[in-house]
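Residue numbering restarts at 1 for every chain, and letters A, B, ... go by the order of the sequence lines.
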Number of protein chains: 2
Amino acid sequence: MLDPGEPKFRRRKAARPGEIVEAALAVFAERGFAAAKLDDIARRAGVSKGALYLYFETKEEIFRAVVAQAIAPNVQMIRAVIAAHPGPLSDLLRLVAGRAGVLMETLPVGGVLKMVIAEAGNFPELARVWHDDLVAHILGAMTDAIRAAQGRGEVRPGDPRMYALELIAPMLVGVIWRETFAPVGAQPFDLPALALQHAETMIEGLKNREVAA
Amino acid sequence: MLDPGEPKFRRRKAARPGEIVEAALAVFAERGFAAAKLDDIARRAGVSKGALYLYFETKEEIFRAVVAQAIAPNVQMIRAVIAAHPGPLSDLLRLVAGRAGVLMETLPVGGVLKMVIAEAGNFPELARVWHDDLVAHILGAMTDAIRAAQGRGEVRPGDPRMYALELIAPMLVGVIWRETFAPVGAQPFDLPALALQHAETMIEGLKNREVAA
DNA sequence: ACGTAATAACTGACCGGTTAGTTATTAATA
DNA sequence: TATTAATAACTAACCGGTCAGTTATTACGT
């Protein structure tokens with residue numbers, strides 16, 4: 001069973017934090033903060049529980065690191081959206097839908113979103129960071145784009161912030177669905193396809209059909 | 001401090017279970033299952049912790065009762081939708097949007113939805129019940145209505161189940177938003193107004209504009 | 001009506017299992 | 001060999017669940 005020539009552990013100071021955060025994401029997403037056991041996180045990361053405390057002060061700090069890491073790469077994407085071209089809104093929506101569809105497949109947004117929703121009551125300042133640094137940016141950028149399109153007469157009247165929510169909501173529900181209901185037998189949704197179909201629905205739904213004054 | 005004429009408790013066997021479930025909903029929704037303390041639930045319900053065990057076997061059973069109770073009244077509404085009139089889809093959507101908007105304001109769907117999402121990993125059979133008895137009904141009824149409308153040529157081609165998700169997603173995100181981000185300072189959404197605006201958006205977005213063959 | 005015995009709703013101190021966090025020790029590497 | 005990453009045994013607090021005792025309420029006898 002054990003190869004005596006093989007050391008029973010390796011010293012890999014640099015790699016540990018990332019591995020721990022990755023393992024913690026999986027366990028927190030599956031169990032929630034309170035029900036997640038440090039022993040489970042440690043085992044999954046391939047270390048002992050004590051080793052966690054070489055890199056993090058508390059369980060809560062590990063949790064914060066998980067959420068923070070999940071925000072970081074996404075901020076890039078938002079910048080791209082904000083710096084978006086001033087072309088017609090329909091082009092922008094199709095572009096964003098294409099990007100978002102694959103991003104949702106790739107990144108672990110579902111698990112992290114689930115965590116943030118679940119623990120907002122216990123870690124309100126964490127929900128605040130997630131909102132201020134990520135959600136509000138996305139929603140704000142969308143709102144601005146829609147308002148601009150309304151100014152150009154492309155989009156009919158209506159609350160642009162609500163329109164923005166209508167735009168992104170199916171993607172959010174889609175990833176939540178994947179985490180929550182698909183594992184218990186519910187038919188899953190093809191997220192990229194959903195993103196594209198919804199983009200077309202919204203393009204038609206937002207179109208201003210009044211004759212220009 | 002204490003009025004000696006006032007008894008320190010009253011015997012109210014019939015009222016207790018409902019009060020306990022109501023208190024438990026509040027605590028579970030705020031803290032999640034694992035982090036919720038029975039002492040807190042008991043205090044909020046105005047009883048001692050021991051009294052909880054006169055009416056429920058375990059913490060988990062209280063949790064199940066909370067979720068079950070939240071499903072029951074809603075099933076009625078879905079029946080109404082399923083038995084829906086065969087008129088044009090736009091009428092149905094406006095009707096449902098009106099109902100849904102006020103229901104979301106009234107019922108504690110946000111808290112329960114949050115709980116189900118958060119604890120799906122720990123109580124998968126509970127997520128299954130929630131899905132099978134509630135979510136699948138709503139989505140299925142919507143899907144049927146849309147497919148029928150496509151058959152009549154009212155709605156353009158596209159996956160009807162995805163269209164159904166596009167329809168209900170903003171409401172779900174709206175209630176989650178209220179539970180998660182509004183408490184930390186995010187600007188809330190007017191859910192009835194959102195429902196109505198989204199209904200109009202989708203009516204336009206789904207409309208079949210091809211000339212009939 | 002009144003007193004009192006019987007019932008059962010309810011309390012709150014307690015117990016034990018679980019788990020976050022600590023530390024004495026071991027072993028990999030430079 | 002010195003350094004320190006990593007382990008594993010340990011501690012202590014917390015909390016779900018229990019139960020012996022208390023008190024509100026009811027039933028019954030006079």
Would you mind reading off the distance between [X] atom [atom1] and [N] atom [atom2], rounded to a whole angstrom?
{"X": "A:D39", "N": "D:dA9", "atom1": "CG", "atom2": "C1'", "result": "12 Å"}
{"X": "B:F56", "N": "C:dC10", "atom1": "CZ", "atom2": "C1'", "result": "16 Å"}
{"X": "B:L38", "N": "D:dG17", "atom1": "CG", "atom2": "P", "result": "6 Å"}
{"X": "B:K8", "N": "C:dG12", "atom1": "NZ", "atom2": "C1'", "result": "9 Å"}
{"X": "B:I41", "N": "D:dC15", "atom1": "CD1", "atom2": "C1'", "result": "12 Å"}
{"X": "B:L52", "N": "C:dT11", "atom1": "CG", "atom2": "C1'", "result": "12 Å"}
{"X": "B:R10", "N": "D:dT22", "atom1": "CZ", "atom2": "P", "result": "21 Å"}
{"X": "A:F9", "N": "D:dT4", "atom1": "CZ", "atom2": "C1'", "result": "10 Å"}

To the nearest 0.5 Å, how far apart are CD in A:Q197 and CE in A:M202?
->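 If we round to the nearest 0.5 Å, A:Q197:CD and A:M202:CE are 13.0 Å apart.
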With a 4.5 Å limit on heavy-atom distance, are the side chains of A:E19 and A:R16 in contact?
-> yes
Is there a side-chain contact between A:K13 and A:L54 (heavy atoms, below 4.5 Å)?
->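 Not in contact.
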Specify the closest pair of heavy atoms between B:K49 and B:L38, including all atoms of both residues, with the distance to one decimal.
-> CD-CB, 3.9 Å
Heavy-atom nearest pair, B:P183 first then B:W177, reads CD-O, 4.3 Å
Under 4.0 Å between any heavy atoms, over every strand shown, what does A:A42 touch: base, sugar-phosphate, or nothing? Just pick one.
->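 No contact at all - A:A42 keeps every heavy atom at 4.0 Å or more from the nucleic acid.
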Determine whether any donor atom in the side chain of A:K49 lies under 3.5 Å from an acceptor atom in the base of C:dG21, or the reverse, and answer yes or no.
->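 Such a pair exists between side chain and base.
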Take B:A35 and A:V47, find for each the nucleotide of DNA chain D with the closest heavy atom, and name the residue whose nucleotide sits nearer the 5' end.
->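 Nearest nucleotide further toward 5': that of A:V47.
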With nearest nucleotides of DNA chain D determined for A:G50 and B:E57 from heavy-atom distances, which residue corresponds to the more 5′ nucleotide?
-> A:G50
For the side chain of [X], starting at C-beta, report the closest nucleotide among [options].
{"X": "B:K37", "options": "D:dC15, C:dA8, D:dA5", "answer": "D:dC15"}
{"X": "B:Y53", "options": "C:dT22, D:dG16, D:dA6", "answer": "D:dG16"}
{"X": "A:R11", "options": "D:dG16, C:dT11, D:dA6", "answer": "D:dA6"}
{"X": "A:A51", "options": "D:dA6, C:dG21, C:dC10", "answer": "D:dA6"}

B:Y55 vs C:dC10: side-chain N/O to OP1/OP2 distance below 4.0 Å | yes
